[in-house]
Amino acid sequence: MKKDLVELPTATADGEFIARYSGNGLAGLDFPGRGRAELPLGQAARQRRPAASNALPAKIKGWHRMTGAALKRILSGRDPKALPPLDWEGATDFQRSVWRQMLKLSAGKTKSYGEVAAAIGNPKAVRAVGSACGANPIPVLVPCHRILAANKKIGGFGGGLEWKRKLLAKEGIRF
DNA sequence: GACAGATGAAGGA
DNA sequence: TCCTTCATCTGTC
């Protein structure tokens, strides 16, 4: 059963991201140009958004402000001051462990898939870490772009390698 | 239960 | 060096 999610656009200098909120927090984030986000500005999230923005619960408004601020800070190569609560319902324990490791990485820092696997106590699960990264519903805020393959190779990225390169470049990371 | 995957390491040319 | 192959672990169907 799918939870009812509220989708809200977040305009940044790099395009309009689409944030999805459940009753528990931020449940997803789409890159500009993907899914509904490719619609013209302002129309992207209209389908599920309540008719009037003031119909939104105050808590979601607050989360959305935090999400926008965090996104803008990350996109300018800095650490977010604060993140809204993240709703990882449905994720496995393994995925949550991997994502928590990513949240520990500050701007400009990177880890390899192998290092993340070792950090969660399972150094051989490098491929599984890659799968967990790909399953990350909240890219950018959960910085899966800071996970590189061995030898500082770029590896892959669910949002597209162009975005990964762009995000890493903003943080001054060479690979 | 089988298969695929955003890896890593080892061995050979 | 570079390329290929295989081991390993997890998620999905």
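Just so we're on the same page: letters track the sequence lines, and every chain starts at 1.
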Seminar exercise, completed: In numerical order, the residues of residues 138-149 of chain A whose heavy atoms come under 4.0 Å of DNA chain C are none
Detail all sub-3.5 Å separations between protein N/O atoms and N/O atoms belonging to nucleotides 4-8 of chain C.
from, atom 1, to, atom 2, distance (Å)
dA7(C), N6, R127(A), NH1, 3.2

Ignoring hydrogens, what is the shortest heavy-atom contact between [X] and [Y]? Give both atom names and the distance.
X: K152(A); Y: T110(A); answer: NZ-OG1, 2.9 Å
X: L161(A); Y: G155(A); answer: CD2-O, 3.5 Å
X: A19(A); Y: T67(A); answer: CB-CG2, 4.3 Å
X: I120(A); Y: Q101(A); answer: CG2-CG, 3.5 Å
X: A70(A); Y: A82(A); answer: CB-O, 3.7 Å
X: I60(A); Y: S22(A); answer: CD1-O, 4.4 Å

Whole angstrom value for the distance that separates [atom2] of [N] from [atom1] of [X]:
X: N151(A); N: dT7(B); atom1: CG; atom2: C1'; answer: 11 Å
X: E162(A); N: dA6(B); atom1: CD; atom2: P; answer: 17 Å
X: W99(A); N: dT10(C); atom1: CH2; atom2: C1'; answer: 13 Å
X: L168(A); N: dA6(B); atom1: CG; atom2: C1'; answer: 13 Å
X: K153(A); N: dC2(C); atom1: NZ; atom2: C1'; answer: 10 Å
X: F157(A); N: dT7(B); atom1: CZ; atom2: P; answer: 14 Å

Problem set entry | same_hphob_cluster(M66(A), L71(A)) at 4.5 Å side-chain heavy-atom cutoff | no
For this session: List in numerical order all residues of residues 101-110 of chain A for which some heavy atom is under 4.0 Å away from an atom belonging to DNA chain B.
Result: none
Problem set entry | Contacts of Y21(A) that satisfy ring-ring contact (aromatic ring centres under 6.0 Å, His included) - sequence neighbours left out | H64(A)
For this session: Sequence neighbours left out, what passes ring-ring contact (aromatic ring centres under 6.0 Å, His included) with F94(A)? Give chain and number order.
Result: none
N/O donor-acceptor pairs under 3.5 Å from side chains in residues 122-143 of chain A, not counting sequence neighbours:
from, atom 1, to, atom 2, distance (Å)
S131(A), OG, R127(A), O, 3.3
N136(A), OD1, I138(A), N, 3.0
N136(A), ND2, V142(A), O, 3.1

For this session: Just call it for G114(A): base, sugar-phosphate, or nothing, with non-hydrogen atoms closer than 4.0 Å on any strand.
Result: sugar-phosphate
For this session: Sorted by first residue and then second, give each ring-ring contact (aromatic ring centres under 6.0 Å, His included) pair with at least one member in residues 66-89 of chain A; sequence neighbours left out.
Result: W88(A)-W99(A)
Exercise. What is the ring orientation for F157(A) with F31(A), classed by angle as parallel under 30°, tilted 30 to 60°, or perpendicular over 60°?
Worked result: perpendicular
Exercise. Pairing of DNA chain C as dot-bracket, 5' to 3': ( ) intra-strand, [ ] crossing, | other strand, . unpaired, with Watson-Crick or G-U pairs under 3.5 Å?
Worked result: |||||||.|||||
Problem set entry | side chain to side chain contact (heavy atoms under 4.5 Å, CB included) assessment of I147(A) paired with E115(A) | CA-CA 9 Å; I147(A) 308 299; E115(A) 286 171 325; over 6 Å; no
For this session: Using the side chain to side chain donor-acceptor pair (under 3.5 Å) rule, collect all pairs that involve residues 165-175 of chain A, keeping only residues at least two apart or in two chains.
Result: D14(A)-K170(A), H145(A)-E171(A), R146(A)-E171(A), E162(A)-R165(A)
Exercise. Looking at residues at least two apart in the chain, or sitting in another chain, which of them share a side chain to side chain contact (heavy atoms under 4.5 Å, CB included) with K59(A)?
Worked result: P57(A), W63(A)
Give every pair of a protein N or O atom and an N or O atom of nucleotides 11-13 of chain C that lie under 3.5 Å apart, one pair per line with the distance.
from, atom 1, to, atom 2, distance (Å)
dG11(C), OP1, T92(A), OG1, 2.4

For this session: Can you run down the salt bridge (charged side-chain N to carboxylate O under 4.0 Å, His left out) pairs that involve residues 69-78 of chain A, sequence neighbours left out, and say none if there aren't any?
Result: none
